Chemist: 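To start, I am sharing the structure in question, which I have written as structure tokens.
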Amino acid sequence: MKSLEPSLLAADPYCLAGQMDAAARGGARAWHLDIMDGHFVPNLSFGPHICEGICGHTEFPVTAHLMVQNPSKFVNLFLNAGATAVLVHTETEQDALPELLKTIRDAGAAPGIVLCPITPVEAVLPYLALVSRVLLMSVVPGHGGQALLPESYGRIRALRSLLDREAPTVSLMLDGGITLENAPNLLDAGVDVLVAGSAVFGAHDIEARCREFSGILEAAK
Ligand code: DX5
Ligand code: ZN
């Protein structure tokens with residue numbers, strides 16, 4: 001199932017609800033929330049209370065993408081805030097990750113693992129039995145509005161064949177620098193879920209932009 005997950009980091013915080021409604025009218029059916037701690041990445045974003053507010057006002061799934069140095073301090077906070085999926089980076093607290101992924105699953109949420117652009121795709125292998133999704137970063141994490149890294153296409157294909165071989169039910173998400181122009185080739189290379197921020201919320205007409213993405217996703221089925 002190919003789908004779009006708009007990243008709320010790019011939305012105008014002053015009129016977040018209105019922009020989410022516009023994206024939903026255009027076909028968006030899930031939300032991506034980037035959680036940044038100023039340590040793992042050089043930026044700060046949303047806390048659990050914002051996540052709780054958003055989860056309280058939407059019927060759609062909310063993914064918490066934890067870009068934090070010590071996810072073991074934050075996983076339960078975002079589960080309690082209502083996140084329906086929680087993604088942790090392979091580059092953090094490796095010893096604690098298997099337990100954290102089980103905690104997410106046991107809480108009834110979807111566990112996922114994330115790869116930074118410099119991390120070999122094989123780094124997901126120890127966790128595949130514990131996750132329902134793998135997120136591949138196609139930009140260096142920490143900011144929206146960056147250009148997609150060209151090496152991402154090769155990494156998508158490598159991860160796609162690894163997942164098809166080792167864990168065919170695990171979905172491949174891509175995050176960073178996605179546009180209407182590069183989306184068809186990214187889906188063709190093997191992406192299941194497109195996480196897009198500025199390409200959605202930076203559009204003059206957010207609803208129309210999501211309809212355009214929905215058309216691309218439909219064509220890729
Ligand atoms: C970056 C975040 C992305 C980002 C995507 O660290 O993980 O989710 O918000 O934004 P765009 O689509 O603008 O690159
Ligand atoms: Zn993200």
Side-chain angles (χ1 to χ4, degrees), residues 3-13 16 19-20 23 26 28 30-48 50-51 54 60-69 71 74-75 78 81 83-92 104 109-119 124 131 133-153 155-156 159 171-187 191-204 206 209-210 212-213 216-217:
S3 64
L4 174 72
E5 195 169 276
S7 172
L8 300 176
L9 187 71
D12 179 346
L16 184 60
Q19 296 204 330
M20 289 172 71
W31 310 111
H32 186 87
L33 204 57
D34 290 309
I35 313 303
M36 301 177 180
D37 67 350
H39 296 285
F40 182 68
V41 289
N43 200 354
L44 290 173
S45 60
F46 310 106
I50 299 280
C51 182
I54 289 167
F60 301 144
V62 176
T63 297
H65 172 192
L66 300 188
M67 286 166 275
V68 299
Q69 199 66 44
F74 294 96
V75 163
F78 285 94
T84 55
V86 180
L87 314 181
V88 290
H89 270 264
T90 53
E91 301 86 7
T92 60
I104 298 165
I113 204 87
V114 189
L115 293 165
C116 283
I118 54 165
T119 305
V124 299
V131 298
R133 59 214 56 207
V134 173
L135 179 80
L136 191 65
M137 295 301 305
S138 38
V139 296
V140 175
H143 298 280
Q146 301 178 73
L148 182 123
L149 293 166
E151 60 267 32
S152 304
Y153 292 92
R155 288 172 56 78
I156 294 164
L159 183 56
S171 74
L172 197 168
M173 305 174 71
L174 191 75
D175 187 7
I178 294 171
T179 65
L180 284 178
E181 291 69 35
N182 60 29
N185 287 341
L186 295 169
L187 293 165
V191 173
D192 299 310
V193 181
L194 300 169
V195 177
S198 44
V200 169
F201 295 111
H204 177 66
I206 293 168
R209 177 56 55 86
C210 286
E212 290 174 291
F213 270 113
I216 290 170
L217 291 160

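Counting from 1, the numbers follow the sequence of the chain as shown. Every number for a ligand or one of its atoms is a count from 1 in the order of the listing. Keep in mind that what you see is a predicted model, and the values were worked out from it rather than measured.
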Chemist: Which of the numbered atoms in ligand 1 are under 4.0 angstrom from any heavy atom belonging to Met67?
Modeler: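 By the 4.0 Å cutoff, the relevant atoms are 6 (O), 7 (O).
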
Chemist: Can you confirm whether Pro6 sits close enough to Trp31 that some side-chain heavy atom of one is under 4.5 Å from a side-chain heavy atom of the other?
Modeler: yes

Chemist: In ligand 1, which numbered atoms sit nearer than 4.0 Å to a non-hydrogen atom of Pro141?
Modeler: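 Near Pro141, the atoms of ligand 1 are 6 (O).
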
Chemist: Given side chains that start at C-beta, do those of His65 and Val195 come closer than 4.5 Å, heavy atoms only?
Modeler: no

Chemist: So do the side chains of Leu115 and Arg155 get within less than 4.5 Å of each other, counting heavy atoms only?
Modeler: yes

Chemist: With respect to Ser7, determine whether any N or O atom, backbone or side chain, lies less than 3.5 Å from an N or O atom of ligand 1.
Modeler: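 Such a contact does occur with ligand 1.
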
Chemist: Identify, for atom 1 (C) of ligand 1, the protein heavy atom at the shortest distance, and state residue, atom and that distance.
Modeler: His143 O, 3.6 Å

Chemist: Would you check, one step at a time, whether the test side-chain hydrogen bond (donor to acceptor under 3.5 Å, both in side chains) holds for Ser7 with Asp34?
Modeler: CA-CA 7 Å; Ser7 172; Asp34 290 309; 2.8 Å; yes

Chemist: State which residues pass salt bridge (charged side-chain N to carboxylate O under 4.0 Å, His left out) with Arg209; sequence neighbours excluded, sorted by chain then number.
Modeler: Glu212

Chemist: Please indicate whether any nitrogen or oxygen in Gly176 is less than 3.5 Å from any nitrogen or oxygen in ligand 1.
Modeler: no

Chemist: When you measure from atom 14 (O) of ligand 1 to every protein heavy atom, which one gives the shortest distance, and what is it?
Modeler: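 Checked against all protein heavy atoms, atom 14 (O) of ligand 1 sits closest to Gly177 N, 2.9 Å.
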
Chemist: I'd like to check which ligand 1 atoms, numbered from 1 as shown, lie under 4.0 Å from a non-hydrogen atom of His65.
Modeler: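 Checking each atom against His65, I get 7 (O).
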
Chemist: What are the atoms of ligand 1, with element, lying closer than 4.0 Å to any heavy atom of Met36?
Modeler: 6 (O)

Chemist: Do the side chains of Met36 and Leu9 get nearer than 4.5 Å, heavy atoms only?
Modeler: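 Of all side-chain heavy-atom pairs linking Met36 with Leu9, at least one is under 4.5 Å.
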
Chemist: Are any non-hydrogen side-chain atoms of Leu136 and Ser152 less than 4.5 angstrom apart?
Modeler: no

Chemist: Counting heavy atoms only, which of Ile178, Asp34, Val195, Val139 comes nearest to atom 2 (C) of ligand 1?
Modeler: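 It is Asp34 that holds the nearest heavy atom.
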
Chemist: Any atoms of ligand 1 less than 4.0 Å from a non-hydrogen atom of His32? List them with their elements.
Modeler: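 Contacts of ligand 1 toward His32, numbered from 1: 8 (O).
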
Chemist: Should you measure from each heavy atom of Leu9, which atoms of ligand 1 turn up under 4.0 Å away?
Modeler: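 Contacts of ligand 1 toward Leu9, numbered from 1: 9 (O).
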
Chemist: Do any N/O atoms on Gly142 end up under 3.5 angstrom from N/O atoms on ligand 1?
Modeler: yes

Chemist: Quick one: does any side-chain atom of Thr84 pair with a main-chain N or O of Ala109 as donor and acceptor, under 3.5 Å?
Modeler: no

Chemist: My understanding is that only residues two or more places apart in sequence, or in another chain, count here; which of them pass side chain to side chain donor-acceptor pair (under 3.5 Å) with Ser138?
Modeler: none

Chemist: At distances under 2.8 Å, what protein N, O or S atoms surround the Zn ion (ligand 2)?
Modeler: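 Checking every protein N, O and S atom gives His32 NE2, Asp34 OD1, His65 ND1, Asp175 OD2.
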
Chemist: Students should be able to answer this: which protein heavy-atom is nearest to atom 3 (C) of ligand 1, and at what distance?
Modeler: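 The closest one turns out to be Asp175 OD1, 2.9 Å.
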
Chemist: Mind checking whether Ile35 and Phe78 have side chains closer than 4.5 Å, heavy atoms only?
Modeler: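 Side chain of Ile35 against side chain of Phe78, heavy atoms only: contact under 4.5 Å found.
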
Chemist: Is any side-chain heavy atom of Pro13 closer than 4.5 Å to a side-chain heavy atom of Phe46?
Modeler: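 Not in contact.
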
Chemist: Kindly indicate whether the side chain of Val134, heavy atoms from C-beta on, has any atom under 4.5 Å from the side chain of Leu172.
Modeler: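 Answer no - side chains too far apart.
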
Chemist: Return the option from Ala199, Gly202, Ser198 holding the heavy atom at the smallest distance from atom 13 (O) of ligand 1.
Modeler: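 It is Ser198 whose heavy atom sits nearest to atom 13 (O) of ligand 1.
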
Chemist: Polar contacts were defined as any N/O atom of the residue lying under 3.5 Å from an N/O atom of the ligand; does this apply to Gly144 and ligand 1?
Modeler: no

Chemist: For atom 12 (O) of ligand 1, what's the nearest protein heavy atom and its distance?
Modeler: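 Protein heavy atom at minimum distance: Gly197 N, 2.8 Å.
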
Chemist: What atoms of ligand 1 come within less than 4.0 Å of a heavy atom belonging to Gly145?
Modeler: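 What qualifies from ligand 1 is 11 (P), 13 (O), 14 (O).
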
Chemist: Could you tell me which atoms of ligand 1, counted from 1 in the order shown, lie closer than 4.0 angstrom to a heavy atom of Ala196?
Modeler: 12 (O)

Chemist: Only counting residues at least two apart or in another chain, list the ones meeting side chain to side chain donor-acceptor pair (under 3.5 Å) with Thr179.
Modeler: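 For Thr179 the side chain to side chain donor-acceptor pair (under 3.5 Å) partners, ignoring immediate neighbours, are Glu181, Asn182.
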
Chemist: Could you check whether any side-chain N or O of Gln19 sits under 3.5 Å from a backbone N or O of Asp12, counting only pairs where one atom can act as donor and the other as acceptor?
Modeler: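 Yes; judged by distance alone, with no hydrogens or angles, the pair exists.
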
Chemist: Report the distance from atom CD1 of Ile178 to atom CD of Glu5, rounding to the nearest 0.5 Å.
Modeler: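 Interatomic distance, Ile178 CD1 to Glu5 CD, rounded to 0.5 Å: 10.5 Å.
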
